[in-house]
Amino acid sequence: MVRAPCCESIGLKKGPWTAEEDQILVSYIQQYGHGNWRALPRHAGLLRCGKSCRLRWMNYLRPDIKRGNFTEEEENAIISLHGLLGNKWSAIAAKLPGRTDNEIKNVWHTHLKKRAKSNGAEREEPVKEAATPWRSCSELSSSTTTGSSTATRGASVNEGHTGSPPEPLGMDEDDWWSEALSLDSSVTSLEFSDSSSCLLPFDRTDVSSGDEDEDFWMRVLMEVGGLPELPNF
DNA sequence: AACCGCGTCAACCGCCTAAAC
DNA sequence: CGTTTAGGCGGTTGACGCGGT
């Protein structure tokens with residue numbers, strides 16, 4: 001199917017936003033919200049396409065945006081998450097409150113990529129088919145990543161897991177998450193598909209809410225580099 | 001002072017997907 | 001069930017600033 005470009009209308013403005021346009025957009029969204037981006041510029045009186053308005057709001061004008069330099073912690077988190085998720089900038093941004101996918105993408109391409117490369121923590125070129133000992137999240141979510149760092153990272157964290165790569169886990173990512181989130185909080189170890197196992201790298205007993213539990217498992221995945229098998233209860 | 005190269009970042013482009021029809 | 005549409009995403013571009021020569 002061929003779709004008309006979103007800015008097909010002649011006369012719509014492009015390029016940098018002015019302070020006045022920002023003001024119009026912010027006050028309109030504060031007053032009416034942004035239910036329909038396509039209709040928004042018309043209603044707000046902006047000569048911009050809806051996509052442009054959405055982008056400006058999401059990447060710059062949103063009140064919860066954290067501006068300024070990335071902290072060391074944030075940069076390390078980006079490197080780790082990129083190793084796990086690949087170029088899933090929006091997924092990475094979701095784990096870094098106040099940061100946008102565009103900002104993260106920029107900071108990655110400008111300096112973190114080099115740093116990750118020099119640390120040996122990142123691959124030069126991601127590949128589609130990852131020969132990982134464990135199924136990586138990015139593989140499961142059809143993202144791009146290579147196996148080497150996943151395998152290395154996993155092996156280094158999981159002392160009991162060495163040797164030839166086990167068979168991929170026969171479970172999709174959604175199933176894994178629903179199983180993980182329903183596990184008893186007393187779970188302390190995970191298995192890999194070659195029957196080796198490792199202790200959970202974090203203590204789960206003080207996790208109280210579903211959101212915290214999701215963050216807990218995200219941290220585990222970052223540590224082990226993929227989807228390990230879950231114990232049965 | 002002028003030029004050049006490089007890094008940074010806002011914004012655009014084009015594709016994909018899910019929802020609506 | 002096929003088509004259309006809007007939103008969302010990742011890749012890319014281009015303007016700008018700054019430091020070095």
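Throughout, protein chains are lettered first and strands after them, A, B, ... in sequence-line order, and every chain is numbered starting at 1. Keep in mind the model is a prediction, meaning the values are calculated, not measured.
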Report summary line: Under a 4.0 Å heavy-atom criterion, the protein footprint on nucleotides 5-10 of chain B, written with B, S and -, is --SSBB

**Report entry** Transitive ILVMFWY side-chain link A:L55 to A:V26, under 4.5 Å
**Finding:** no

Report task. Please give the nucleotide sitting opposite B:dC21 as a Watson-Crick or G-U wobble pair, both distances under 3.5 Å, or none. Result -> C:dG2

4.5 Å side-chain heavy-atom contact, [X] and [Y]:
X	Y	result
A:T100	A:M58	no
A:W108	A:I79	yes
A:E103	A:N59	no
A:W17	A:C53	yes
A:Y32	A:H43	no
A:Y28	A:H34	no

**Report entry** Strand contacts (DNA chain C) in residues 27-37 of chain A, 4.0 angstrom heavy-atom criterion
**Finding:** A:G35, A:N36, A:W37

Query raised in the report: Can a donor-acceptor pair under 3.5 Å be found between the side-chain atoms of A:K51 and the base atoms of C:dG8?
Result: yes

Write down the distance between [atom1] ([X]) and [atom2] ([N]), rounded to a whole number of angstrom.
X	N	atom1	atom2	value
A:W57	C:dG7	CH2	C1'	17 Å
A:I104	C:dG10	CD1	P	10 Å
A:K88	C:dG8	NZ	C1'	11 Å
A:W108	C:dC9	CH2	C1'	18 Å
A:L55	C:dG10	CG	C1'	12 Å

**Report entry** A:L112 CG to A:I104 CD1 distance, which is reported to the nearest 0.5 Å
**Finding:** 10.0 Å

Query raised in the report: Is any side-chain N of the basic residue among A:E21 and A:R56 closer than 4.0 Å to the acidic one's carboxylate O?
Result: no

Report summary line: Note: for A:A39 and A:K105 on DNA chain C, the residue whose nearest nucleotide lies more 5' is A:A39

